[in-house]
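Here's the structure, in structure tokens; my notes come after.
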There are 2 protein chains.
Amino acid sequence: MSTGPTKLGELGLENFVPYLMNRIMGRYNAALQDEMAALGLTTPQMRSLAVLSVIDGILIRELAVYAVVQQSTLSRALEALHKDGLIRRETDAADSRAIRVFLTNPGRDVYERLWPHMADAYEAMFKGVDDAAQKAFVATLKTMLGNIRKHDF
Amino acid sequence: MSTGPTKLGELGLENFVPYLMNRIMGRYNAALQDEMAALGLTTPQMRSLAVLSVIDGILIRELAVYAVVQQSTLSRALEALHKDGLIRRETDAADSRAIRVFLTNPGRDVYERLWPHMADAYEAMFKGVDDAAQKAFVATLKTMLGNIRKHDF
DNA sequence: CAAAATTACATGCGTTTGCAATTATCTTGT
DNA sequence: ACAAGATAATTGCAAACGCATGTAATTTTG
């Protein structure tokens, strides 16, 4: 059995995974900041577009999970995206409480302008990490998410 | 040379590292939420205490990097921590613009109450990840941070 | 060595966020 | 079938955040 860290001081900050992940995500977000600002997008808006580019027509409550934002925050983010014509909302056929969200063509265009910056930041992260290590890394991340996620996806 | 992802749709959200890391950090933060609320702490406050538990007497600008918060946000977080008697601030001897931050005993107590929850969340993450994989994972995180960080630490 | 540029931290102010409550719809149990 | 409870999304309101700016101190440079 793998014992967790006993004290942060003993483990050292530089070996503490949540710390490392925070630092890395902070830099990743910073790398996207300029382009997001140029497009007038907030983080929840940017993430919504990214998720929608993969899973179009998703329910709002699912989108909130994928984008890791509160539903109330997402609600307002979608309102803004809709006002800018980047998404379209449709009441779900089976459940009239639920709403499905779709990317419009302008929305897809905005996302396509964003994606190269995400890909660049992604690539910059993994410089000097060989393919095997990268694969193992992703596999571990998947295991971790499986361990702690609340939803089935 | 390892080529980055060409399209998010092809790669799949579930293989996209920033997405996975966001999801995981979201759950990690959620796991601490209750205890933070009970202690009346915000995220920047909680992170400040954690960093200070390891590097006491750190400069504010360094703390901002370690805690991954804006300096303006940190300034207010420290103000609140000071008002609650959890930290102490001292002008740096060599540079009178700079301020060093120290944990008080009550501050250390609060942190010690927080730490078990961090350790629990940490352990929960790595369930089913063997030691070798975990070591490799941390090593990759360190490489990644080295790739993209702006500061020397 | 004085002026200009930089750095450290704090703060004013508008925006964003999160919690709690609300509305509307669906599901469950009797 | 109907009341009670759960769920989907939105919204009011106060707290938190981030950008830009301000003040003070240090470093650079001509």
Side-chain angles (χ1 to χ4, degrees), chain A residues 22 25-27 29-30 32-48 57-84 87-102 150-153, chain B residues 22 25-26 29-30 32-48 57-84 87-102 150-152:
Chain A
N22 265 326
M25 288 315 294
R27 296 299 311 150
N29 290 329
L32 298 180
Q33 195 95 345
D34 283 354
E35 193 63 19
M36 282 172 51
L39 295 166
L41 298 175
T42 64
T43 299
Q45 288 168 19
M46 180 270 287
R47 291 194 190 159
S48 294
I58 195 177
L59 295 170
I60 288 183
R61 81 185 134 82
E62 293 170 347
L63 181 52
V65 176
Y66 283 115
V68 193
V69 293
Q70 285 238 156
Q71 210 166 65
S72 65
T73 300
L74 180 58
S75 181
R76 283 179 258 250
L78 293 175
E79 188 186 344
L81 290 174
H82 179 254
K83 191 160 60 64
D84 293 345
I87 60 152
R88 175 170 56 81
R89 285 178 285 191
E90 255 181 46
T91 301
D92 183 59
D95 184 342
S96 68
R97 291 169 306 178
I99 296 183
R100 296 195 173 275
V101 188
F102 299 85
K150 258 175 54 187
H151 299 84
D152 302 330
F153 51 89
Chain B
N22 265 327
M25 288 315 293
N29 291 329
L32 299 180
Q33 196 96 343
D34 282 355
E35 193 62 20
M36 280 171 52
L39 295 166
L41 298 175
T42 64
T43 299
Q45 288 167 20
M46 179 270 287
R47 291 193 191 160
S48 294
I58 195 178
L59 294 170
I60 289 182
R61 81 184 133 82
E62 293 172 345
L63 180 53
V65 175
Y66 283 115
V68 193
V69 294
Q70 285 239 156
Q71 210 167 71
S72 64
T73 300
L74 180 58
S75 181
R76 282 180 259 251
L78 294 175
E79 188 187 344
L81 290 175
H82 179 255
K83 190 159 62 62
D84 292 344
I87 60 153
R88 175 169 57 81
R89 285 178 285 192
E90 255 181 46
T91 302
D92 184 60
D95 183 343
S96 68
R97 292 169 305 179
I99 296 181
R100 294 194 175 276
V101 187
F102 299 84
K150 259 176 54 189
H151 300 83
D152 302 330

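Each chain gets a letter, A, B and so on, in the order its sequence line appears, and its residues count up from 1. Computed from heavy atoms alone, side chains included, the values below leave out hydrogens, waters and symmetry copies.
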Those residues at least two apart in sequence (or on a different chain) that pass side chain to side chain donor-acceptor pair (under 3.5 Å) with A:Arg27 are none
I'd like to check the ring-ring contact (aromatic ring centres under 6.0 Å, His included) partners of A:Phe153; sequence neighbours left out, ordered by chain and number. A:Tyr66, A:His151
Please report the interatomic distance CD1(B:Ile99) to CG(B:Leu59), rounded to the nearest 0.5 Å. 9.5 Å
Salt bridge (charged side-chain N to carboxylate O under 4.0 Å, His left out) filter on B:Arg47, not counting sequence neighbours, yields none
Closest non-hydrogen atom pair, B:Leu74 against B:Ala64: CD2-N, 3.4 Å
Looking at every strand, decide which applies to B:Gln45 at a 4.0 Å heavy-atom threshold: base, sugar-phosphate, or nothing. nothing
Can you list the residues that meet the salt bridge (charged side-chain N to carboxylate O under 4.0 Å, His left out) rule with A:Arg88, with sequence neighbours excluded? A:Glu90
By salt bridge (charged side-chain N to carboxylate O under 4.0 Å, His left out), A:Arg89 pairs with (sequence neighbours left out) none
Between atom CG of B:Leu81 and atom OG of B:Ser48, what is the distance when rounded to the nearest 0.5 Å? 6.0 Å
Test salt bridge (charged side-chain N to carboxylate O under 4.0 Å, His left out) applied to A:Glu62 - qualifying residues, sequence neighbours left out: none
Do any of residues 68-75 of chain A sit with a heavy atom less than 4.0 Å from DNA chain D, and if so which? A:Gln71, A:Ser72, A:Ser75
First and last nucleotide of DNA chain C, 5' to 3', lying under 4.0 Å from heavy atoms of chain B: C:dT7 to C:dC19
Distance from A:Gln45 atom CD to A:Ile87 atom CD1, nearest 0.5 Å? 9.5 Å
Nearest non-hydrogen partners of A:Gly26 and B:Val68, listed with the distance: CA-CG1, 4.0 Å
Counting any heavy atom closer than 4.0 Å, what does A:Glu62 reach on the DNA or RNA strands: base, sugar-phosphate only, or nothing? nothing
Roughly how far apart are B:Met46 CE and B:Leu32 CG, rounded to 0.5 Å? 5.0 Å
B:Asn22 side, atom CG; A:Asn29 side, atom CG - distance, nearest 0.5 Å: 6.5 Å
5'-most contact on DNA chain D: B:Arg76 or A:Ile60, nearest heavy atom basis? A:Ile60
Note: chain B reaches DNA chain D at heavy-atom distances under 4.0 Å over the stretch, first to last nt, 5' to 3', of D:dA16 to D:dT26
I need the residues from residues 89-96 of chain B with at least one non-hydrogen atom less than 4.0 Å from DNA chain C; give them sorted by number, or say none. B:Arg89
Rounding to the nearest 10°, end axes of the helix from C:dC1-D:dG30 to C:dT30-D:dA1 built from five pairs each make an angle of 40°
Between A:Thr43 and A:Met36, the two heavy atoms sitting closest are N-CE, 3.4 Å
The complete set of side-chain hydrogen bond (donor to acceptor under 3.5 Å, both in side chains) pairs with one or both residues in residues 75-84 of chain B, sequence neighbours excluded, reads none
